[in-house]
Amino acid sequence: MAFSDDLLDAGAEIWAAQLDHPFVTELAAGDLDPVAFRRWLEQDYRYLFDYARTYAVAGAKARDESAMATLLGGADAVLSEELDLHRSFAAKYGVSEADLAETEKTPTCEAYTSFLVRTAHERPVPVAVAALFPCMQGYLDVAEHMAEIAEGDNRYTPFIETYTSEAFRAETAALRDLVDDRAAARPGYRDEMREAFLTSARLELAFWEMAYADEGWAA
C-alpha cells in the first residue's frame, strides 16, 4: 500500500465527515446560503496566501529537482490560478479584491494557516508535504462527491468544476506522488507525517464548519 493510501485510511472518518457536512451537501444541491459561501470565499482567499507560502518554503528547503519543481509549481498554481478564481467568484458577489484582502481571519483559518507555515519553517520537507496533502486531496474528493450528488447545474457548479478539473487532478496527483516519494526516502518521518496529515485534515473539516456556522472571535 502506498503511504498516501495509509494516510487516507487513517483519516477515513474525517473524510466521511467532510462529505456529509451540510456545507458540502447544500453546495452540491445549489441551496447553500450565499452568505455562507461568501464567508468561505473570503476566508479561503486569506488561507491560500499562506498555503502558497507553505509550498514555497518547503520548495526552498527541498534538495532534489523533482521535489522543488512540484512544490514551487504548487505555489505558483495557487498564486496565478486559484486566487484569480476566488477573485472572479467574489466579483459575482459584489466583493472587491480590497474587501478580500482586508478580511480578518477567523480562529479556524488562523489556526490552520499558522500550523501550515510553522510546519514548513520548522519541520523537514516530508512533514510539510504531508501537512499540505489534505487540502488538495480533500478538495478533489469533496468536489467529486458533489458532482455525484448534484442534480444538474446550479450557481455553485463552477466551484465543482474547478476542483474536478484535469489541471487540479494533475496538481493533486503530483503532490500525492511526492508524499509517497518522501515517505519512501525518509521512513523515519512517517509517524510525524501521519500526525501532520491528520492535523491538517481535522482543520479542513473545521474550515467547512467555520464557514457554515459563521464562526467569529469571542471579542
Side-chain angles (χ1 to χ4, degrees), residues 1-45 47-48 51 70 74 77-78 81-93 108-109 112 129-180 194 197-215:
M1 176 187 291
F3 187 66
S4 57
D5 290 324
D6 178 68
L7 293 179
L8 292 170
D9 282 349
E13 290 187 6
I14 303 169
W15 246 247
Q18 289 193 77
L19 300 185
D20 289 339
H21 195 280
F23 186 101
V24 171
T25 57
E26 290 176 18
L27 188 150
D31 54 16
L32 176 68
D33 186 344
V35 174
F37 186 77
R38 174 174 173 164
R39 192 176 303 120
W40 167 84
L41 182 65
E42 292 170 339
Q43 291 299 315
D44 204 55
Y45 186 81
Y47 166 89
L48 285 173
Y51 193 62
T70 297
V78 172
E81 299 170 16
E82 199 165 359
L83 284 170
D84 277 347
L85 172 72
H86 281 54
R87 284 187 279 263
S88 69
F89 276 146
K92 296 177 182 178
Y93 284 80
T108 292
C109 186
Y112 196 176
V129 168
L132 286 164
F133 183 44
C135 181
M136 297 293 289
Q137 190 66 55
Y139 268 72
L140 175 58
D141 292 345
V142 163
E144 285 186 332
H145 177 66
M146 290 175 175
E148 290 174 359
I149 64 176
E151 297 182 1
D153 292 347
N154 60 61
R155 70 172 75 186
Y156 300 120
T157 297
F159 174 101
I160 299 171
E161 292 176 342
T162 295
Y163 293 108
T164 56
S165 68
E166 290 306 313
F168 191 76
R169 290 178 188 278
E171 291 162 11
T172 302
L175 182 59
R176 185 168 184 165
D177 287 345
L178 185 56
V179 168
D180 291 331
R194 186 177 294 105
F197 170 86
L198 290 173
T199 297
S200 284
R202 293 184 182 105
L203 287 164
E204 280 292 321
L205 176 59
F207 209 93
W208 300 122
E209 179 62 18
M210 169 275 298
Y212 193 77
D214 192 15
E215 175 188 280

Q) Do S200 and F133 pass the side chain to side chain contact (heavy atoms under 4.5 Å, CB included) test, and can you show the C-alpha distance, the side-chain angles, and the key distance before you say yes or no? A) CA-CA 8 Å; S200 284; F133 183 44; over 6 Å; no

Q.
Between V142 and Y163, is the side chain to side chain contact (heavy atoms under 4.5 Å, CB included) condition met? List the steps.
A. CA-CA 9 Å; V142 163; Y163 293 108; over 6 Å; no

Q | Check against ring pair (Phe, Tyr, Trp, His ring centres under 6.0 Å), W208 and Y139 | A | CA-CA 11 Å; W208 300 122; Y139 268 72; 5.2 Å; yes

Q | Derivation of the side chain to side chain contact (heavy atoms under 4.5 Å, CB included) call for L85 and F159 | A | CA-CA 9 Å; L85 172 72; F159 174 101; over 6 Å; no

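You'll find the side chain of L32 stays beyond 4.5 Å of the side chain of T25, heavy atoms only. Looking at T172 and F168, their side chains come closer than 4.5 Å, going by heavy atoms from C-beta outward. By the 4.5 Å heavy-atom criterion applied to side chains, W40 and L27 are not counted as neighbours.
Rounding to the nearest 0.5 Å places CG of L140 at 11.0 Å from SG of C135. Summarising the geometry, atom CD belonging to E209 is positioned 11.0 Å from atom CZ belonging to F23; distances are rounded to the nearest 0.5 Å. With rounding to the nearest 0.5 angstrom, the CG atom of L205 is 11.5 Å from the CD atom of E13. Distance check: E161 CD to Y156 OH gives 15.0 Å after rounding to the nearest 0.5 Å. Atom SG in C109 sits 11.0 Å away from atom CD in E42 (nearest 0.5 Å). For the atom pair CZ of R38 and CG of L41, the computed distance is 8.5 Å after rounding to the nearest 0.5 Å.
In terms of the salt bridge (charged side-chain N to carboxylate O under 4.0 Å, His left out) criterion, residue partners of R39 (sequence neighbours excluded) are, by chain and number, D214. Taking the ring-ring contact (aromatic ring centres under 6.0 Å, His included) definition, one finds that F89 meets it with F37, sequence neighbours left out. Checked against ring-ring contact (aromatic ring centres under 6.0 Å, His included), Y51 has the following partners two or more places apart in sequence or in another chain: Y47, Y55. The ring-ring contact (aromatic ring centres under 6.0 Å, His included) check on F3 picks up nothing, with sequence neighbours excluded. Under the side-chain contact (heavy atoms from CB on, under 4.5 Å) criterion, A206 pairs with T108, sequence neighbours left out. H145 pairs by the ring-ring contact (aromatic ring centres under 6.0 Å, His included) definition with nothing, not counting sequence neighbours. Applying the salt bridge (charged side-chain N to carboxylate O under 4.0 Å, His left out) rule to D180 yields no partners; only residues at least two apart in sequence or on another chain are considered. Every residue meeting the salt bridge (charged side-chain N to carboxylate O under 4.0 Å, His left out) condition with R87, not counting sequence neighbours, appears here in chain and number order: D84, E97. Taking the side chain to side chain donor-acceptor pair (under 3.5 Å) definition, one finds that R194 meets it with D6, D191, sequence neighbours left out. Under the rule for a side-chain contact (heavy atoms from CB on, under 4.5 Å), the partners of A174 that lie at least two apart in sequence or sit in another chain are T70.
Aromatic ring pairs are classed by plane angle as parallel below 30°, tilted from 30° to 60° and perpendicular above 60°; the pair W15 and F197 is parallel.
Residue pairs meeting the salt bridge (Lys or Arg N to Asp or Glu O under 4.0 Å) criterion with at least one member in residues 139-157, sequence neighbours excluded: E144-R169. Every pair tested for salt bridge (Lys or Arg N to Asp or Glu O under 4.0 Å) that includes a residue from residues 16-35 fails, sequence neighbours excluded, so the list is empty.
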